[in-house]
2 protein chains.
Amino acid sequence: MSPSRGGQSGPSVTGRVLGILSAFGPSAEALTLSGIARAAGLPLSTAHRLVGELATWGALERGEDGRYRIGLRLWEVGALAPRSLGLRERAMPYLEDLYEATRQNVQLAVRDGHEVVYVERLAHPEAVRVFSRVGGRMPLNATGVGQVLLAFAPAAVQEDVLAGPLTALTPRTITDPHELRRVLAAVRREGVAVCDGMVDLLSLSVAAPVRGEDERVVASLSVVVPSTGAEPRTIVPAVRAAARGISRALGAPSARRRPAGVITPLPTATDDPALGAERGA
Amino acid sequence: MSPSRGGQSGPSVTGRVLGILSAFGPSAEALTLSGIARAAGLPLSTAHRLVGELATWGALERGEDGRYRIGLRLWEVGALAPRSLGLRERAMPYLEDLYEATRQNVQLAVRDGHEVVYVERLAHPEAVRVFSRVGGRMPLNATGVGQVLLAFAPAAVQEDVLAGPLTALTPRTITDPHELRRVLAAVRREGVAVCDGMVDLLSLSVAAPVRGEDERVVASLSVVVPSTGAEPRTIVPAVRAAARGISRALGAPSARRRPAGVITPLPTATDDPALGAERGA
DNA sequence: TGGGCTCCTTCCGGTGGCCGGAAGCTCGAT
DNA sequence: ATCGAGCTTCCGGCCACCGGAAGGAGCCCA
């Protein structure tokens, strides 16, 4: 399958190029040429050639300090990712409202494999400091959005995560598979996850699922507030409403507006496997 | 300079990979394998191999319909671009406020070469429809943010643009070099650009410059409102204030808070070449 | 001033990875 | 059935890529 080099040797040219891109990360936004070569495991002259070509194209930019950074052109192409742009565009107005109402941190995330990836984040400068950042990753078991995404993930993913090691970010992070399983069932039942002190001891997050047109949960939305703040329950309805609004904008049938006068049942997911337990990537 | 293939033949492997990425664009978010091959000018089997490798890494994702889209992993790397992330993070709170105050379209853009690239956009669903989109490009002469970025661009860039063909999006777009030159001088003097009906006849934008720590203009901020709306002048102060706030957050000395009681001169740029006329990309 | 360090840039010959034509496959439409 | 469009796999030949080596630029310390 992989066009790996004949017998055993290094990666293909494409692999090397991707390796160079991988050298950059949240903790390495700017790298020297030799830094890139080191991180990517390439000889300096090879790195020099490839990096030069990437810079010419605009995938990398060379700063005045001689160091390389990710270029605008690459960002531009990346912005075409449907799970970022399409989702973001439609979710923004709702995130806005939620942000305006709480003046705290509002986050939108999707699942990629066994991790959460934050797609959008609105943060008030004076709100609780949160670890997450746009483009950042976090474990599924330790965050509000993660628990929601996991609760509605395909069964295979859930089992994988439950089986694998569950990393703890604080003493309060859930690492016991049985407890996590109970929590996930509760999340499915309630349609909301409340996570207190699992990322850091000072903050608490309230998360709800966002559904796409085929009812699958495609994203999760959360608000992070100080643990010591007012009763968090008060923001649950707002989070649920925003998530439902986004689901509707995405075309989820269960989030359709009902005729006035009819009580709208919350889109709480049952454990119905038809809704959250099969399919997925 | 370019490691072009020896004598004359096709691009290098790296070039081919980048060509594949270039095949995607705002009007081509999802492509079939053969579509990619066609757009990138590659034989099918070559495209197949390279695309496969890109998909394995996560730069591309294959949808259920068999078509390829930009992958989350590439988006993630692109999000590390300093002109996107660093700028965005600090600008967001101010964009929020502006959005909240106007409930229209708020945009943040940077210059790349002879074009504007939109880095962030907040749009109310019921606001005027605008053409721009996050990651999209527009000509410098036809937009509010573009005029601001051009007005403060290095002299060489200005001359290039003034010399080159000036594309018109509507009959009201400025295409006369002399007129544009006058407008740019006015923008420098006023510290704000007001663009009526230049992108489409129904909307008007008010833009102001954002400065970095070395006083150079690094971005531009605008609000787009209906042409027919209330006197646009009323939003000028809000736009200026937000731009100044972002400049301060970025560390621009001219945007520092002055001691109370001292009248703060607007950071209007003179035509002083030391501020906007030399250096650049 | 000189030595030692890190980082960057250029050069060039050998070779192994890449190229891409061709054949076969799976669809869906006619 | 027949066609066509798109996808996947295979494999031999050739040439583009690799990377060691040499040289330059800048910095710090003695």
Side-chain angles (χ1 to χ4, degrees), chain A residues 1-24 27-71 281, chain B residues 1-24 27-71 281:
Chain A
M1 167 126 289
S2 78
S4 59
R5 298 230 172 188
Q8 39 70 44
S9 96
S12 66
V13 178
T14 309
R16 288 163 204 245
V17 168
L18 296 174
I20 288 175
L21 297 184
S22 300
F24 292 86
S27 54
E29 296 179 20
L31 294 171
T32 63
L33 177 58
S34 12
I36 295 173
R38 228 174 297 128
L42 295 174
L44 190 56
S45 58
T46 301
H48 181 257
R49 186 165 25 83
L50 297 179
V51 164
E53 215 165 345
L54 289 172
T56 299
W57 185 78
L60 298 180
E61 283 175 6
R62 187 157 203 187
E64 299 182 6
D65 56 359
R67 296 195 297 171
Y68 291 92
R69 284 154 236 267
I70 298 296
Chain B
M1 168 125 295
S2 79
S4 57
R5 298 232 170 184
Q8 38 72 46
S9 97
S12 66
V13 177
T14 308
R16 287 163 206 245
V17 168
L18 296 174
I20 288 175
L21 297 184
S22 302
F24 293 87
S27 54
E29 295 178 19
L31 294 170
T32 62
L33 177 58
S34 13
I36 296 174
R38 228 175 296 126
L42 295 175
L44 189 56
S45 58
T46 300
H48 180 257
R49 187 166 23 85
L50 297 179
V51 165
E53 214 163 347
L54 288 171
T56 300
W57 185 79
L60 299 180
E61 282 175 8
R62 188 158 203 187
E64 299 181 6
D65 56 358
R67 296 195 298 172
Y68 291 92
R69 283 156 238 269
I70 298 295

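The basis for the numbers below is simple: all heavy atoms, side chains too, and nothing from hydrogens, waters or symmetry mates. By convention in this document, chain letters (A, B, ...) are assigned in the order of the sequence lines, proteins followed by strands, and residues within each chain are numbered from 1.
Positionally, the nearest nucleotide of DNA chain C for Tyr68(A) lies more toward the 5' end than for the other of Tyr68(A) and Thr14(A). Where Gly66(A) and Leu50(B) each meet DNA chain C at their nearest nucleotide, the meeting point lying more 5' is that of Gly66(A).
Of the side-chain N and O atoms in Arg16(A), one or more sit less than 4.0 angstrom from OP1 or OP2 of dC18(D). Phosphate contact (OP1/OP2 of dC19(C), side-chain N/O of Arg49(B), threshold under 4.0 Å): present. An OP1 or OP2 oxygen of dC18(D) is reached within less than 4.0 angstrom by no side-chain nitrogen or oxygen of Thr46(A).
Atoms CG (Leu31(B)) and C1' (dC7(D)) sit 15 Å apart, rounded to a whole Å. What separates NE2 of His48(A) from P of dG19(D) is a distance of 15 Å, to the nearest Å. Distance Ile36(A) CD1 to dT9(C) P: 11 Å, rounded to the nearest Å. Rounded to a whole Å, the CG atom of Leu54(B) is 13 Å from the P atom of dC18(C). Rounded to an integer number of Å, the gap from Glu53(A) CD to dA16(D) P is 13 Å.
The side chain of Val13(A) lies closest to dC18(C) when the candidates are dT9(D), dG20(C), dC18(C).
Shown here are the salt bridge (Lys or Arg N to Asp or Glu O under 4.0 Å) partners of Arg67(A), two or more places apart in sequence or in another chain: Asp65(A).
Phe24(B) has its side chain within reach of Leu60(B): a pair of non-hydrogen atoms, C-beta onward, lies under 4.5 Å apart. Under the 4.5 Å side-chain criterion, counting only non-hydrogen atoms from C-beta, Leu42(B) is in contact with Ile20(B). No side-chain heavy atom of Thr14(B) sits under 4.5 Å from any side-chain heavy atom of Trp57(A).
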For nucleotides 4-7 of chain C, list the nitrogen or oxygen atoms of the protein found under 3.5 Å from its nitrogen or oxygen atoms, one pair per line.
residue : atom : partner  : partner atom : Å
dC7(C)  : O5'  : Ser34(A) : OG           : 3.4

Table of protein N/O atoms under 3.5 Å from nucleotides 20-22 of chain D N/O atoms:
residue : atom : partner  : partner atom : Å
dG20(D) : O6   : Ser45(A) : OG           : 3.2

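For the atom pair CG of Leu54(A) and CD of Glu61(A), the computed distance is 12.5 Å after rounding to the nearest 0.5 Å. Taking CG of Leu50(B) as the reference point, atom OG of Ser45(B) lies at 9.5 Å (rounded to 0.5 Å).
Across every non-hydrogen atom of Arg69(A) and Glu29(A), the tightest pair is CG-O, 3.4 Å.
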